[in-house]
Amino acid sequence: MGKLKEHLSKKIPDWRYNYRQLLDEKGDTVTSTVTIDKAYSGMKGVKGMICDTSSVTADAGLHVRGKHILDLVDLKPEEILYLLLIGELPDADALLDLQHELKERSTVPDYVWNVLSGMPKDSHPMAMFNTAILSMQKESKFAEAYDLVVSKGDYWESTLEDGLNIIAKLPAIGAAVYRTRFERERLEASDSVDWSENFLQMMGIDYSDDMLKMMQLYLMLHCDHEGGNVSTFSALTVNSALSDPYYSLSAGLNGLAGPLHGLANQNNLKFVLDILDHYKGVPSDEQLKEFSWERLNSGKVIPGYGHAVLRCPDPRFTAFMNFGKEHIKGSDVFDVVSKLFDIVPDVLKEHGKARNPWPNVDAASGSLLYHYGIKEFQFYTVLFSMSRSLGIVSQMVLARAMGMPLTRPKSLTYEALKEL
Ligand code: HAX
């Protein structure tokens, strides 16, 4: 048994006890009032689910297990996975143990490569990535355990097994999607036990220490954003039917492929490139304002701005900007991204629709990838997906450990609402 699982199995009994006690003592306490208005607005603000891995506050953004994301930016994705699952950071031994465990689980079945190469050449990289995950469903240890009538209290173990097996393979799958989709030969696994470095090597990119740091930052920053975002919520709902992690993660990541969610990072970079193309270089503030208004007036959103929960600049955006200011000089793309931060919030305020005029994580991430040579922006949401898988898997493991039941909110018809 790996140190992560050993540590987790020691924690679970206490968490179960606390959860039962809370239900006994405070089960009737009201968390939210649901109005017709909320029923028609995507249930925003309805506090009807549990997430212990992370929380998001409107004025400060993401906290992973109570720690603010800006205090975690030097961590590797593997450390974040440990933190998400256990609530504590790994020591050096536990980190190395986890890295080796992932390495041991990283071989991707050959049929996945056939599935990828058999897809149409112009498939979206997200369709390829999610299909690759789904195609491995027959490997599920959870589905196998369920058929053997394993006790409900043990479901978390095979969920963790599947989760680690999937996470371990994501660098190879992500890199293969990149190379297959953009017409390069797939590369075999590298020797590195570092999840991010392994990925860069299989991407076939000549990387510097700075680029490795950027990739580690990218793959940790998108890890989790509490439970109600579209990708996580979808994955958890599917998983609550005891569909295994392959089905559930793939389902959730299909939601991440939407332009109001993770696809905003590719759309933001395209927006920036369109600006540079239109003005043949970095435009003036006035021109940027004009370009933003033209986009709004054409009925489109400004990708990378606004948020359903946040009411401040996203600290994940701040983390990317801090990295960019330190490491990137002379990049028109990064300059436009910085300038947009000065211009767009005021434009959105004047426009008067968006409740949050500030940038989210997707307003800066693409400019860093572009600077380091990953210019195929259709690929960016795959990177987001690799990172978000850490949080989704963690949340599924905890949901099974706590024996969370089937998710099944009640819907009402228009007629029924009118009668209320
Ligand atoms: N540009 C233009 N209009 C915007 C806007 C933006 N960036 N953000 C919000 N609005 C508009 C909405 O479209 C909505 O208009 P309608 O009333 O005409 O429908 C109105 O403002 C109210 O929306 P809201 O309540 O402020 O925002 P929501 O909670 O409904 O939606 C979104 C939040 C993130 C989806 C929204 O701000 C948006 O579309 N942003 C642009 C796309 C984007 O950056 N998505 C990524 C978000 C972060 C994330 O999940 N990453 O994966």
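Both counts, for ligands and for their atoms, begin at 1 and track the order of listing. Just the heavy atoms: all of them, side chains too, but no hydrogens, waters or symmetry mates, feed the values below.
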inquiry  = Can you check atom 43 (C) of ligand 1: any protein non-hydrogen atom closer than 4.0 Å?
reply    = yes
Geometric N/O contact Val301 with ligand 1, under 3.5 angstrom
no
Residue, atom and distance of the protein heavy atom nearest atom 6 (C) of ligand 1 read Ile302 N, 3.7 Å
**Asked** Any ion pair linking Arg311 and Asp59 (charged N to carboxylate O, less than 4.0 Å)?
**Response** no
Less than 4.0 Å between atom 17 (O) of ligand 1 and some protein heavy atom, yes or no? no
Notebook entry, point to check: Is the shortest side-chain N to carboxylate O distance from Lys5 to Glu101 below 4.0 Å?
Noted result: no
(Q) Would you say NZ of Lys103 has more than 12 non-hydrogen atoms from neighbouring residues, nucleotides or ligands within 6.0 angstrom? (A) yes
Discussion item. As a test of the contact definition, would atom 27 (O) of ligand 1 count as having a protein heavy-atom neighbour under 4.0 Å?
Written reply: no
Think Arg181 forms a cation-pi with Trp113, using NZ or CZ under 6.0 Å from the six-ring centre and within 45 degrees of its axis?
no
Exercise for review: List the steps and the verdict of salt bridge (Lys or Arg N to Asp or Glu O under 4.0 Å) for Glu161 and Arg105.
Suggested key: CA-CA 10 Å; Glu161 243 340 80; Arg105 294 168 183 265; 3.2 Å; yes
Distance col, row Asp362:CG vs Tyr380:OH, nearest 0.5 angstrom, shows 12.0 Å
| said: Using a 3.5 Å distance criterion without hydrogens, assess whether the side chain of Ser292 forms a donor-acceptor pair with backbone atoms of Val344. | reply: no
Asp362: heavy atom below 4.0 Å from ligand 1, yes or no?
yes
Under a heavy-atom criterion of less than 4.0 Å, does Asn267 contact ligand 1? no
(message) Check this for me - ligand 1, Gly262, N or O atoms closer than 3.5 angstrom, yes or no?
(response) yes
protein heavy-atom neighbour closest to atom 20 (C) of ligand 1 works out as Lys353 O, 3.6 Å
* To do: Kindly indicate whether atom 30 (O) of ligand 1 is approached by any protein heavy atom to under 4.0 angstrom.
  => yes
Margin query: Please report whether atom 33 (C) of ligand 1 has a protein non-hydrogen atom at a separation of less than 4.0 Å.
Written below: yes
Ligand 1 to Ala264, heavy atom cutoff 4.0 Å, flagged ligand atoms 43 (C), 44 (O), 45 (N), 46 (C)
When distances are taken from atom 47 (C) of ligand 1, the protein heavy atom at minimum range is Asn360 ND2, 3.4 Å
Output for pair (Asp224 CG, Asn229 CG), nearest 0.5 Å, gives 7.5 Å
Thinking salt bridges, do Asp285 and Lys289 make one under a 4.0 Å N-O criterion?
-> no
If you compare Ala354, Pro357, Gly306 by their heavy atoms, the one closest to atom 5 (C) of ligand 1 turns out to be Ala354
Q) Do Glu139 and Lys141 sit within salt-bridge range, that is, some charged N less than 4.0 Å from a carboxylate O? A) no
heavy-atom search around atom 25 (O) of ligand 1 in the protein gives Arg355 NH1, 2.5 Å
- Just to confirm, does any protein heavy atom lie below 4.0 Å from atom 14 (C) of ligand 1? no
So does Arg184 pair up with Glu376, basic N to acidic O under 4.0 Å?
-> yes
Logged contact type for Leu296 with ligand 1, heavy-atom cut-off 4.0 Å, is side chain
shortest atom 40 (N) of ligand 1-to-protein heavy-atom contact is with Tyr305 O, 2.8 Å
Checking heavy atoms under 4.0 Å, the part of Leu260 that sits near ligand 1 is both
Taking N or O atoms only and a 3.5 Å limit, does Lys300 qualify as a polar contact for ligand 1? no
Exercise for the section: Kindly state if atom 37 (O) of ligand 1 has a protein heavy atom within a strict 4.0 Å cut-off, that is, under 4.0 Å? Expected result: yes
Query raised in the report: Does Lys349 offer a backbone N or O that forms a donor-acceptor pair with the side chain of Lys353 under 3.5 Å?
Result: no
| said: Heavy-atom contact check, 4.0 Å cutoff: does Lys44 meet ligand 1? | reply: yes
request  = Give yes or no for whether the N/O distance cutoff of 3.5 Å, strictly under, is met between His261 and ligand 1.
outcome  = yes
Note: ligand 1 atoms sitting under 4.0 Å from heavy atoms of Gly304 are 43 (C), 44 (O)
Contact region, Asn265 to ligand 1, non-hydrogen atoms below 4.0 Å, reads neither
- Item | Test item: Glu78 side-chain N/O and Trp195 main-chain N/O as donor-acceptor pair under 3.5 Å | yes
Per-atom filter on ligand 1: closer than 4.0 angstrom to a heavy atom of Leu348 are 1 (N), 2 (C)
Can you tell me if Ser243 uses its side chain to pair, donor with acceptor, with the backbone of Asn239 under 3.5 Å? no
One finds that the ligand 1 atoms under 4.0 Å from a non-hydrogen atom of Phe384 are 51 (N), 52 (O)
Would you say Asn265 and Leu269 make side-chain contact, with heavy atoms under 4.5 Å?
no
Can you confirm whether Tyr146 is buried at OH, in the sense that more than 12 heavy atoms of other residues, nucleotides or ligands lie under 6.0 Å from that atom? no
